[in-house]
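In what follows, a structure is listed as structure tokens, so that the remarks can point back to it.
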Amino acid sequence: MSQYEVKTMNYPVHCMVEVPGSKSMTNRALLLAALSNENCTLNGVLFSDDSRHFLSSLIALGFIVEVNEIDRQVIIHGQDGTIPGKSGTINVGSAGTAARFLTAMLALSDGEYTINASEQMKKRPMLPLFEALESMGAQFTFLEKYGHLPVCVKGAAINGKAPKNHVSIDISKSTQFLSALLMVSPMLKDGLDIHITSEKTDGSYIRITTKMMQQFGAKVIHEGALYSIPAGERYRIETYQIEPDVSAACYFYGIAALTGGHVIVKNVHSNSMQGDMKFLNVLKQMGCVVTEEREGICVTGPTDGEFYGVDVDMNDFSDQTMTLAAIAPYAKSPTYIRNIAHIRLQESDRIHAIVTELTRLGIKVEEEEGAIRIYPGEVKPAVIETYDDHRMAMAFALVGLKTEGIVIDNCECCGKTFENYFSVLDKIYC
């Protein structure tokens with residue numbers, strides 16, 4: 001494992017940066033293109049550990065995939081809702097999107113497959129999705145732990161059977177379960193009705209899913225706890241442009257807040273469909289100014305980087321919990337982050353990881369089941385444990401911009417979504 005020693009910045013940072021394509025949109029686009037009825041060119045593709053596992057899985061399943069990493073482009077020869085290979089083995093690595101999305105696709109197919117995963121992904125929740133797919137006719141054999149990957153799956157359409165076109169699911173542990181079912185629905189000739197049994201029935205990532213499905217040509221009807229995809233819907237699009245990753249952009253916007261400088265992230269604009277755009281409103285509450293420039297959205301931090309803490313519900317943009325937690329110790333008042341219990345089930349137990357690392361830094365933190373309260377304080381030098389979690393690594397690097405002696409351990413875990421993050425960070429020093 002390698003380490004990255006963060007350099008402090010005792011001055012306002014003024015810069016323009018470029019971030020990779022959205023991970024969430026990239027992996028959704030890969031699935032939608034594979035299920036489309038024509039060849040689809042995807043532009044602005046993110047190339048990372050997650051997307052490469054998704055691409056290699058599609059290739060292992062027999063899809064024709066043309067990859068051009070230099071131009072950030074992928075061409076997928078769609079198979080109109082079918083899978084070319086009727087048997088095979090894929091490895092989704094640590095990619096939650098690939099694990100959930102591809103599991104759903106294989107479960108509604110007419111083949112038999114094995115799905116392997118990393119040790120990290122094997123720990124993440126999958127049982128609600130498995131149970132929903134089993135109710136539609138799929139059969140799973142759990143190879144290690146019940147309710148978790150790896151599995152063998154026999155598709156619900158095997159031997160000419162028709163999968164059931166109605167299903168119920170609880171999405172309290174992950175909205176990716178619903179996104180998976182929604183996106184594979186055109187595989188069913190009679191359409192699909194999905195009834196949500198949990199209190200949570202919607203979310204920013206679900207809205208990305210339904211918007212992208214519509215952009216690819218499929219209709220989605222949402223009424224309360226019911227999602228319906230009519231019979232005969234198909235994906236049909238020749239080219240699709242993937243947005244820059246707003247989740248990645250927010251780390252650099254956090255730098256503007258910390259240093260009192262201004263940061264523009266190229267090609268991120270207010271019409272983005274990504275839920276992490278809501279983090280810009282949090283920065284406004286803390287005293288930042290957000291403006292729309294020709295090149296992209298610009299965040300200007302408060303003078304001298306002096307800002308106040310906030311009380312915020314981050315359920316709908318929880319990937320930025322770590323970013324806010326990293327800058328909260330430098331605020332003038334406490335910060336309270338609410339309604340984030342589900343992040344305990346992601347790449348790491350993120351609530352516990354945040355509390356542990358802030359405590360290591362000498363900061364007073366109060367941990368609740370679904371919330372964190374962070375008090376301002378004097379940050380001391382430390383080696384930050386990242387828990388093999390890319391967002392812990394990227395967010396906590398911000399601490400080192402204000403405090404000397406901050407080292408990020410296992411910094412290469414950023415390869416999951418942003419391979420050159422620390423190189424981009426290096427370039428903003430002047």
Side-chain angles (χ1 to χ4, degrees), residues 4-20 244-268 274 276-293 295-310 312 314 317 319-332 335 354 357-358 361 363 374 376 379 384 386 390-408 411 414 417-430:
Y4 178 87
E5 185 171 354
V6 188
K7 304 170 190 173
T8 55
M9 296 181 180
N10 298 313
Y11 49 84
V13 173
H14 307 299
C15 66
M16 181 186 299
V17 299
E18 187 171 3
V19 299
D245 191 356
V246 175
S247 298
C250 287
Y251 304 122
F252 298 96
Y253 292 143
I255 292 173
L258 273 178
T259 69
H262 63 257
V263 174
I264 296 174
V265 182
K266 291 178 66 176
N267 301 316
V268 172
Q274 296 171 66
D276 279 8
M277 290 292 290
K278 292 183 178 181
F279 188 64
L280 294 172
N281 293 326
V282 176
L283 292 176
K284 287 180 184 179
Q285 294 176 46
M286 300 174 83
C288 296
V289 175
V290 179
T291 56
E292 179 100 20
E293 308 296 336
E295 300 91 343
I297 287 178
C298 175
V299 172
T300 302
T303 304
D304 298 324
E306 294 192 356
F307 52 87
Y308 287 87
V310 290
V312 58
M314 296 191 73
F317 56 112
D319 278 350
Q320 293 313 311
T321 302
M322 286 69 67
T323 313
L324 181 56
I327 65 178
Y330 302 100
K332 295 294 185 181
T335 290
I354 289 168
E357 297 314 304
L358 287 178
L361 291 166
I363 298 300
I374 304 168
V379 179
I384 299 297
T386 56
H390 58 131
R391 299 212 181 280
M392 284 294 295
M394 291 187 281
F396 272 76
L398 272 59
V399 176
L401 304 182
K402 296 285 284 186
T403 299
E404 291 185 358
I406 302 300
V407 177
I408 306 299
C411 61
C414 292
T417 53
F418 195 162
E419 292 181 330
N420 64 330
Y421 173 75
F422 289 105
S423 296
V424 175
L425 195 61
D426 283 338
K427 290 178 182 177
I428 71 174
Y429 293 95
C430 61

- Task: Determine the minimum heavy-atom distance between M314 and L324, stating which atoms define it.
- Result: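 Looking at all heavy atoms of both residues, the shortest contact is SD-CD2, 3.7 Å.
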- Item | Over all atoms of both residues, closest heavy-atom pair of V17 and C15 |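 Where V17 meets C15 most closely, the heavy atoms are CG1-SG, 4.0 Å.
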Tell me every residue that passes side chain to side chain donor-acceptor pair (under 3.5 Å) with [X], counting only those two or more places apart in sequence or in another chain.
{"X": "K402", "result": "none"}
{"X": "T300", "result": "none"}
{"X": "T291", "result": "E293"}

Nearest-0.5 Å distance that lies between atom [atom1] in [X] and atom [atom2] in [Y]:
{"X": "I428", "Y": "K7", "atom1": "CD1", "atom2": "NZ", "answer": "10.5 Å"}
{"X": "N420", "Y": "L425", "atom1": "CG", "atom2": "CG", "answer": "11.0 Å"}
{"X": "F422", "Y": "C411", "atom1": "CZ", "atom2": "SG", "answer": "5.5 Å"}
{"X": "F396", "Y": "I327", "atom1": "CZ", "atom2": "CD1", "answer": "11.5 Å"}
{"X": "M394", "Y": "M322", "atom1": "CE", "atom2": "CE", "answer": "8.5 Å"}
{"X": "I384", "Y": "T386", "atom1": "CD1", "atom2": "OG1", "answer": "9.5 Å"}

Partners meeting side-chain contact (heavy atoms from CB on, under 4.5 Å) with [X] (sequence neighbours left out):
{"X": "P329", "result": "L358, I363, I374, V379"}
{"X": "A248", "result": "V19, D245, F418"}
{"X": "P302", "result": "C288, F307"}

- Query: Within a radius of less than 6.0 Å around CD of E5, do more than 12 heavy atoms belonging to other residues, nucleotides or ligands occur?
  - Reply: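 Result for CD/E5: open.
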- Message: More than 12 heavy atoms of other residues, nucleotides or ligands under 6.0 Å from CD of E292: yes or no?
- Response: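 Counting other residues, nucleotides and ligands, CD of E292 exceeds 12 neighbours.
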- side-chain contact (heavy atoms from CB on, under 4.5 Å) between E357 and V399, worked out: CA-CA 11 Å; E357 297 314 304; V399 176; over 6 Å; no
- Write out all pairs satisfying salt bridge (charged side-chain N to carboxylate O under 4.0 Å, His left out) with one or both partners inside residues 301-310, taking only residues at least two apart or from two chains.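 Qualifying pairs: E306-K332.
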Just list the side-chain donor-acceptor pairs under 3.5 Å for residues 253-265, sequence neighbours left out, or say none.
{"residue": "Y253", "atom": "OH", "partner": "I297", "partner atom": "O", "Å": "3.2"}
{"residue": "T259", "atom": "OG1", "partner": "V13", "partner atom": "N", "Å": "3.1"}
{"residue": "T259", "atom": "OG1", "partner": "I255", "partner atom": "O", "Å": "3.0"}
{"residue": "T259", "atom": "OG1", "partner": "G261", "partner atom": "N", "Å": "3.3"}
{"residue": "H262", "atom": "ND1", "partner": "H14", "partner atom": "ND1", "Å": "3.0"}

Under 3.5 Å, sequence neighbours excluded: what are the donor-acceptor pairs made by side chains of residues 279-287?
none

- Message: Test of understanding: with salt bridge (charged side-chain N to carboxylate O under 4.0 Å, His left out), list the residues that count as partners of E419, not counting sequence neighbours.
- Response: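 Salt bridge (charged side-chain N to carboxylate O under 4.0 Å, His left out) check on E419 returns R52.
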- For D319, check salt bridge (charged side-chain N to carboxylate O under 4.0 Å, His left out) against everything at least two apart and list the hits.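 D319 satisfies salt bridge (charged side-chain N to carboxylate O under 4.0 Å, His left out) with R350, R391 only.
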- Query: By ring pair (Phe, Tyr, Trp, His ring centres under 6.0 Å), which residues pair with F252, not counting sequence neighbours?
  - Reply: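 So F252 forms a ring pair (Phe, Tyr, Trp, His ring centres under 6.0 Å) with Y421.
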- Let me know which of T417, T323, D276 forms a side-chain hydrogen bond (donor to acceptor under 3.5 Å, both in side chains) with S247.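 With S247 as partner, side-chain hydrogen bond (donor to acceptor under 3.5 Å, both in side chains) holds for just one option, D276.
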